[in-house]
*Asks:* 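Below are the structure tokens for one structure; questions will follow.
Below, each value reflects all heavy atoms present in this structure, side chains not excepted, and no hydrogens, waters or symmetry copies. Naming: A, B, ... by sequence-line order, numbering from 1 per chain.
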Amino acid sequence: GAVVSQHPSWVICKSGTSVKIECRSLDFQATTMFWYRQFPKQSLMLMATSNEGSKATYEQGVEKDKFLINHASLTLSTLTVTSAHPEDSSFYICSAVDRVAQNTGELFFGEGSRLTVL
Amino acid sequence: LAKTTQPISMDSYEGQEVNITCSHNNIATNDYITWYQQFPSQGPRFIIQGYKTKVTNEVASLFIPADRKSSTLSLPRVSLSDTAVYYCLVGDIGPARQLTFGSGTQLTVLP
């Protein structure tokens with residue numbers, strides 16, 4: 001099946017630093033990728049929609065200058081948490097839409113990246 | 001986007017059939033119903049998808065009544081490893097789709 005890989009799977013950083021999380025589709029091309037955030041015991045919350053070659057579309061309440069999303073190729077999207085603070089500590093998950101099978105409805109999710117900001 | 005309502009939690013025993021029902025009263029004509037499974041600290045995993053009537057695959061069945069205002073995920077003979085959160089999502093399946101995750105159902109399978 002289609003595989004989406006995230007890196008790193010976990011990261012610990014100091015407050016004020018920036019952290020980049022990568023999301024790669026390993027065996028398919030993804031025209032669209034989604035970034036979610038999940039706090040403990042809560043559901044996934046959509047942060048933004050990333051389309052290859054264009055600017056990301058952010059959900060209401062998500063600061064685009066704080067959560068920088070780049071989707072420079074059909075297999076890679078990155079989320080950079082800038083000037084991270086402890087409240088940004090969360091589980092970040094990406095998902096991807098297969099360009100070839102984009103009307104099948106199935107989303108492929110990454111394994112998630114756990115960010116802890118000290 | 002259609003809002004979904006699911007039970008917060010369910011308990012079952014190994015070997016039993018588990019049915020999780022999801023309500024989606026304002027489902028649109030173009031919307032499909034998709035179920036995902038999520039284990040702790042992992043990304044969600046696709047289980048099954050349907051539009052109407054019944055869909056069955058190797059892991060589950062999905063029952064959708066004619067009015068499509070609800071759906072039921074059926075897991076046959078659950079095992080301990082089926083303990084997870086199950087999400088019901090409703091939306092269209094085109095390339096620009098955005099899926100909104102509801103609260104999900106925490107299924108706990110007991111020995």
Side-chain angles (χ1 to χ4, degrees), chain A residues 1-6 9-10 21 23 25 29-52 54 56-60 62 74 90-116, chain B residues 1-9 20 22 27-28 30-52 55 57-60 62 64 71 83-108:
Chain A
V3 177
V4 176
S5 178
Q6 283 185 239
S9 55
W10 58 269
I21 300 171
C23 177
S25 55
Q29 293 182 328
T31 48
T32 304
M33 290 185 173
F34 302 96
W35 286 95
Y36 296 83
R37 180 166 54 181
Q38 186 175 33
F39 293 109
K41 303 292 185 184
Q42 294 188 22
S43 184
L44 283 78
M45 185 189 77
L46 179 66
M47 298 176 67
T49 301
S50 165
N51 292 301
E52 185 266 337
S54 62
T57 302
Y58 291 81
E59 295 300 299
Q60 191 173 10
V62 178
L74 285 172
S90 188
F91 192 53
Y92 292 88
I93 307 170
C94 71
S95 67
V97 177
D98 186 337
R99 184 172 69 97
V100 173
Q102 60 186 349
N103 289 319
T104 65
E106 183 173 350
L107 276 182
F108 304 102
F109 286 84
E111 317 97 318
S113 299
R114 184 164 301 285
L115 169 64
T116 301
Chain B
L1 298 171
K3 180 174 163 53
T4 60
T5 303
Q6 305 173 229
I8 296 297
S9 64
I20 305 174
C22 177
I27 186 169
N30 294 332
D31 288 344
Y32 282 68
I33 301 154
T34 312
W35 286 80
Y36 285 83
Q37 174 193 57
Q38 186 183 29
F39 297 112
S41 296
Q42 292 187 28
R45 186 176 69 101
F46 174 92
I47 301 176
I48 197 166
Q49 182 183 80
Y51 183 81
K52 60 181 180 180
V55 180
N57 62 22
E58 62 275 9
V59 298
L62 178 59
I64 306 169
S71 59
T83 294
V85 178
Y86 292 82
Y87 293 98
C88 160
L89 284 79
V90 174
D92 82 49
I93 60 171
R97 63 186 171 278
Q98 295 177 334
L99 294 180
T100 299
F101 282 78
S103 57
T105 298
Q106 170 65 59
L107 171 66
T108 301

*Asks:* Please report the C-alpha distance between B:S9 and B:Q106 in whole Å, then the side-chain angles of each, then the deciding distance to 0.1 Å, and finally whether the side chain to side chain donor-acceptor pair (under 3.5 Å) criterion is met.
*Replies:* CA-CA 4 Å; B:S9 64; B:Q106 170 65 59; over 6 Å; no
*Asks:* So what's closer than 4.5 Å to chain A heavy atoms on B:Q38: side chain, backbone, both or neither?
*Replies:*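 Side chain only.
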*Asks:* Of all of B:G104, B:P44, B:P40, B:S103, which one pairs up most often with chain A through heavy atoms under 4.5 Å apart?
*Replies:*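 The candidate making the most pairs under 4.5 Å is B:P44.
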*Asks:* Pick one of side chain, backbone, both or neither for A:L44, based on which atoms fall under 4.5 Å of a heavy atom in chain B.
*Replies:*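 Answer is both: backbone and side chain atoms of A:L44 are under 4.5 Å from chain B.
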*Asks:* Which atom pair, heavy atoms only, marks the closest approach of B:G102 to B:T4?
*Replies:*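 So the two residues come closest at CA-OG1, 4.2 Å.
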*Asks:* Indicate the atoms forming the closest heavy-atom contact of A:Q6 with A:I21, along with that distance.
*Replies:*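 Smallest heavy-atom distance, with atoms named: NE2-CG2, 3.9 Å.
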*Asks:* Taking side chain as everything from C-beta outward and backbone as N, CA, C, O, which of these in A:Q38 sits under 4.5 Å from a heavy atom of chain B? Side chain, backbone, both or neither.
*Replies:*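 Side chain only.
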*Asks:* Just say parallel, tilted or perpendicular for the rings of B:Y36 and A:F109, cut-offs at 30° and 60°.
*Replies:*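 Ring orientation of B:Y36 relative to A:F109: perpendicular.
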